[in-house]
Structures are given as structure tokens and as C-alpha cells.
2 protein chains.
Amino acid sequence: MAQAIHLHQVSPLKASCHQCSLSNLCLPLAIEENDLDRLEDIVQQGKIYNRGEHIFDQSTPFKSCFAVKSGSVKTSIITEGGDEQVTGFFMPGELVGLDSMSGDHYACTAKALERTSICEFPVEKLEELTGKLPELQHHMYRLMSQEIQNSHQLAMLLSKNTAEERIAALLLSLSSRFSRRRMSATNFSLPMARNDIANFLGLAVETVSRVFTRFQNQGIIRARGREVELLDVEALQMVTREFAKQGG
Amino acid sequence: MAQAIHLHQVSPLKASCHQCSLSNLCLPLAIEENDLDRLEDIVQQGKIYNRGEHIFDQSTPFKSCFAVKSGSVKTSIITEGGDEQVTGFFMPGELVGLDSMSGDHYACTAKALERTSICEFPVEKLEELTGKLPELQHHMYRLMSQEIQNSHQLAMLLSKNTAEERIAALLLSLSSRFSRRRMSATNFSLPMARNDIANFLGLAVETVSRVFTRFQNQGIIRARGREVELLDVEALQMVTREFAKQGG
DNA sequence: TCTGTCCATTGACTGTCGTCAAGTATAGCA
DNA sequence: TGCTATACTTGACGACAGTCAATGGACAGA
């Protein structure tokens, strides 16, 4: 479902954040026209990555943060033992790499899940700019803080919720992120494999599969491969809160 | 084990970050003498909270971030269902509230686990200051990024590791945080109850208890109540990597 | 010293989910 | 079109940790 992208050349492309349909999601939020120009000066816009290509690699020198323009990205950490832990999925309008700003090297690996267009923000210049633009600085703080919250949410999901609850929560999260982009909230195609879902949610692939079919049998969703249709969103929301209702 | 604190009055107390033994852990890191003064201007220093007192409450208006000076703090989220999810423990030199910078309200509740001294940083002033001091801004980014990484680490622990591995990891984390403050790395007293540990690690209290005694029987630790002695740090490290060794 | 409360420990049993194993779709490619 | 590799699904079984329940200690107040 990766939308075809305008150009295959990078350098002269200054398509600008002004025109970008995501400018309200991504960095530029709450920035003056003038300031937007200055942001554009430092951004490398719309580089294309094919499915499976790495945007950056864990333990390589940290240089930039990246905004997803179209397509989708998976971030993961490789442990000493060699296994992967998926730490997040990033959709258009979302910023990748904020977890790497505390060191000299990237804290994770980012990989395109499909044909993906990416804008690059060199941190050195970005920090310089946020020092001059309080609005932008504030926005950066918000984004990073949001990332912390998301991660706490995830930790909570992992520590307290059943397989069904985790998967329901992920489906709803994806749904709302699709609808923010004015795409269907009930009819979409998962950018990631079952394996990635399982890894992200701390489950075995088999469990993910089983839950999908269980949901399907209950008439809550319809899933064929990566194509998903949410038939009963309320039921899904019920699932995520099931345990809460009992406890309260 | 909260160290007794200097004064019980707050306002005229300008003991200063210069004198603070934690200045290398907390915000001031990498700041010029001059700039430190400016930071001090905005900080409310060393307010005391007793055991169980709230530093801030979830859903109340967000105003400040807080640095722990002595003692310790627990942050937690209360879900709609009414149950608690512990999101972190904060020791001296660590900054609390970074996850709340993305909204108008605190994203969690922070509670003193013992008699605790806290420095308050009003965000409005803090943001103003970081706009002027690139070093400080950079440091803020680092802290927030580190918080994201920590949270990812936690998510990983919760999703992939056994009860023993989780608890070993927590003990080692506490150990290293104690030793950073030049306290014993092998002999300390847990600031939090078993319940909090269980909640934080996504386990039942009973499981935590069982693992503690198992470790004790194996001669890895010695624990009586909250007093803990790490007898065999290497063994603990082995435990945390056990699964990695098998996988790789 | 006694009593009540809170916290920690221990035991028995159950359930969810992981593992192992096999089988079936789907995608990429010659 | 067929081939192969990868992704996904389904089933059987076992283990780890949760739940329920009871006991044991620590501490505060009378």
C-alpha cells in the first residue's frame, strides 16, 4: 500500500514542509511561516527506502532524526544474545530516532517495512534551530515526552494484559493512526509481519495467529493475511478494558 | 535510609547546585559556572517530602519537573480500571516528570518512598533557560532520550524475560545506581515494597517473594525484609543473560 | 505485654501462553 | 507456469507464573 513517490532523486528536492500533508503531525506543528522556512533549510526531504532497507543501524554514529513521510518503519534493538526486540512501529508523520539522542550512537536499528519516504533532520542543526525557536523546542520536548509515555503504555500492556488485550490494543492504535491521516480506520493493511507483531507485543507468533482467528470467529475482525477489517470496534475496545472492569 | 536533611524551611534555602554532591548526575552536568547560577535562579531547592507524600498527581496541571536530591520516588499510572502501574523508581540525581511534558497535565503520580528531598524546576522557566543555554538544552534532550531508552529496556525485560531475570536485572540496576552515589553496590536497603517491585516488573508479589528466597537458597543474595546483600554479582549477571546465551 | 494491621513468605492448584511439530498459504523469481 | 522460501495457521503438550488461601513477622498503639 506504499503510495508511489514523486521523485527518485534526493538533493534538489525541496518540495517543502509547506506542501507536506503531514505538516500538522510532524515537527512543524505550531511554527510560524517564517520559521518553517528555516526548518526546511536543514531538512533533507523525501529520500526513498525500499522494503527491508535500513534507515540507520544500532551502534553506528548518531547523526539525525527521521520523519516518516509515507510508508512505515520498524525500530528494534538487537541484544547481546543476538535476538531482536521490536521497540516500535512508525507511521507517516511520526519521528524516529528520539531514543538515540542520549548517546553518540543509535540505540536501535530502523528498517523500512515497505517502500518508504523519509525526511532527515541532522540533530546538530536541529538543536541549533530549536535553540532559536522556542516553539520548535517546545514541540521537541512534547514529542520526546510523548515517546516516553508511549513506551510506558507499552510496558503496561506487556506487564498486565493478556494476548487478546495486547493485540486489540495494537489494532486500535493502528486504526487511530490511520484515521489521523484520513485513511479508513476500519479497513487497512498491516505494514508488519505477524512475527514483528509478536515480537513487539512479547508474544509467540503462534499466539498472535490464534488470537487473530479467535477474533475472526467472534466476528470482531476480518483478516486475510495482512489485510484487516475491524468489524466491531466497540468490541475491540471492550477487550482492551476487560481486565479493568473486573478489577474496578 | 534517607539521609537526614539540612533544613526544614524552603524559601530562603539557596544552598545552590554548586554545593550539591549530585550536580554531576542531575541537570547541571556540562554547564559553565556562570550558567549554573542562572539555573539556580529558577530552581526551588530541597523541599522535603515524607514517606507516602505525593510530589505531584496524575491529571493535575503540569507545572514542573523534579530532581531527587535524597531519598527516592515512585511514579505510577492509575488506569481507568483503578489499578496501579508502577512506571519507575527514581533515585538521587534523577529527574522525575519528563513523561509529562507532552500535555497540560501530569501523566503519572509521583510519591516519595521515604523521607525525600526534592528540587523543583518550573518548566516554563526551564524551557526559557534551555533556549538560551545550548548545553542545557542538549542535556535535556539527553535526559529525555535516556528515559525513552530505559523504558524500552523495561519493555524488553517485561516481554522476553522470566521472573528471575527481571528481578536480577532490577537488583543490578539498583546496585549500579547506588554505587554511582558512592554507596555500597552490594549492600543496600530497597526503598520500595515487594508489592511495588512486583507491579513494576509485571509479576505477582508471591512470585517476587519466591524468587528472592530462591536466590537466597542459591547463595546469590541475602535478603531480610528490605535489607539486601548481593553475595554473587556475577551470578546475578549470569541470570540476566541466561536466555541470551541459549538463543545465541 | 498484648493486639491489630500491614507486609512478606510459603504451599497447592490452575490457566495462559510458549514450544515443538506439522501443514497450508503466499510471494518472489526464473 | 512452476519452484522455493518465507509467512502464516493449527494442534498437542508442558511450564512458568498467577490466583487463592493460610501462615509468619514486624511494627505501632493501647
Side-chain angles (χ1 to χ4, degrees), chain A residues 1-2 50-53 74 83-86 111 113-115 157-168 170 189-218 221-228 239 242-243 246-247, chain B residues 50-52 74 83-86 113-114 156-171 189-218 221-228 239 242-243 246-247:
Chain A
M1 287 282 104
N50 285 315
R51 180 171 199 273
E53 278 184 358
K74 169 185 93 172
D83 31 28
E84 184 179 21
Q85 163 72 21
V86 176
K111 206 172 175 179
L113 285 168
E114 53 193 315
R115 199 141 206 276
L157 205 63
L158 293 173
S159 77
K160 294 235 185 315
N161 294 22
T162 65
E164 294 198 353
E165 288 160 356
R166 297 182 206 183
I167 290 174
L170 178 64
S189 122
L190 301 170
M192 73 293 279
R194 295 280 188 283
N195 227 323
D196 293 328
I197 295 178
N199 189 310
F200 180 63
L201 295 178
L203 299 169
V205 201
E206 294 92 329
T207 305
V208 174
S209 214
R210 275 187 260 270
V211 171
F212 266 84
T213 49
R214 216 176 303 157
F215 281 169
Q216 188 151 249
N217 292 339
Q218 293 168 359
I221 69 170
R222 226 158 60 82
R224 242 206 314 280
R226 298 198 177 180
E227 296 301 323
V228 172
V239 172
E242 205 158 290
F243 82 111
Q246 320 235 352
Chain B
N50 285 316
R51 181 173 197 272
K74 170 186 94 173
D83 31 27
E84 184 179 20
Q85 162 72 20
V86 175
L113 285 168
E114 52 193 315
M156 200 151 128
L157 205 65
L158 294 173
S159 77
K160 295 237 185 315
N161 294 23
T162 66
E164 294 199 353
E165 288 159 357
R166 296 182 207 183
I167 289 174
L170 178 64
L171 288 175
S189 124
L190 301 171
M192 73 293 280
R194 295 281 189 280
N195 227 323
D196 292 329
I197 295 179
N199 189 311
F200 180 62
L201 295 178
L203 299 168
V205 200
E206 293 92 329
T207 305
V208 174
S209 214
R210 276 187 260 267
V211 171
F212 266 84
T213 51
R214 217 176 300 157
F215 281 168
Q216 188 151 249
N217 293 339
Q218 294 168 359
I221 69 170
R222 224 159 61 81
R224 240 205 318 279
R226 297 197 177 182
E227 295 302 322
V228 172
V239 172
E242 204 158 291
F243 82 111
Q246 319 236 353

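Please read these numbers as outputs of a predicted model, since none were measured by experiment. In the text below, chain A, chain B and the rest are named by the order of the sequence lines, each starting its count at 1.
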Discussion item. How close do Gln216(B) and Ala223(B) get, counting heavy atoms only, and between which atoms?
Written reply: OE1-N, 2.6 Å

Item to complete: May I have the distance from Phe215(A) (atom CZ) to dT9(D) (atom C1'), rounded to whole angstrom?
Response: 16 Å

Item to complete: Could you tell me the separation between the CD atom of Glu164(B) and the P atom of dG18(D), rounded to a whole number of Å?
Response: 13 Å

Worksheet item: With a non-hydrogen cut-off below 4.0 angstrom, is Arg214(A) in contact with a base, only sugar-phosphate, or nothing?
Response: nothing

Discussion item. Rounding to an integer number of Å, can you tell me how far Arg194(B) CZ sits from dG25(D) P?
Written reply: 15 Å

Worksheet entry | Within-4.5 Å side-chain heavy-atom neighbours: Val86(B) and Asn195(B) | no

Practice prompt. Look at Lys74(B) together with Glu84(B) and state whether they make a salt bridge at an N to O cut-off of under 4.0 Å.
Written response: yes

Item to complete: Taking all heavy atoms of Leu158(B) and all of Leu201(B), pick out the closest pair and write down the distance.
Response: CD2-O, 3.1 Å

Worksheet, complete the sentence: Atom NZ of Lys160(B) and atom P of dC16(D) are separated, to the nearest Å, by 18 Å

Fill in: Nearest non-hydrogen partners of Pro191(A) and Glu114(A), listed with the distance
CB-OE2, 3.6 Å

Discussion item. How many whole angstroms separate atom CD of Gln216(A) from atom P of dT10(D)?
Written reply: 8 Å

Item to complete: Take Thr207(B) and Thr207(A), find for each the nucleotide of DNA chain D with the closest heavy atom, and name the residue whose nucleotide sits nearer the 5' end.
Response: Thr207(A)

Worksheet entry | Donor-acceptor pair present, Arg210(B) side chain and dT19(D) base, under 3.5 Å | yes

Item to complete: Work out which heavy atom in Asn161(B) is nearest to a heavy atom in Arg166(B); give both atom names and the distance.
Response: O-NE, 2.9 Å

Practice prompt. Residues of residues 197-206 of chain A with any non-hydrogen atom less than 4.0 angstrom from an atom of DNA chain C: list those, numerically ordered, please.
Written response: Gly202(A), Leu203(A), Ala204(A), Glu206(A)

Discussion item. Using side-chain heavy atoms (C-beta onward) and a distance below 4.5 Å, is Asp196(B) in contact with Phe200(B)?
Written reply: no

Response to the item:
Note: Lys160(A) and Asn199(B) closest approach over all heavy atoms is NZ-OD1, 3.3 Å

Discussion item. Which heavy atom of Glu164(B) sits nearest to which heavy atom of Val239(B), and what is that distance?
Written reply: O-CG1, 3.7 Å

Practice prompt. Using atom CZ of Arg224(B) as one end and atom P of dG25(D) as the other, report the distance to the nearest whole Å.
Written response: 13 Å

Discussion item. What is the distance, to the nearest angstrom, from the CZ atom on Arg226(B) to the C1' atom on dC27(D)?
Written reply: 12 Å

Discussion item. Can you give me the first and the last nucleotide of DNA chain C (5' to 3') that has an atom within less than 4.0 angstrom of a non-hydrogen atom in chain B?
Written reply: dA8(C) to dA12(C)

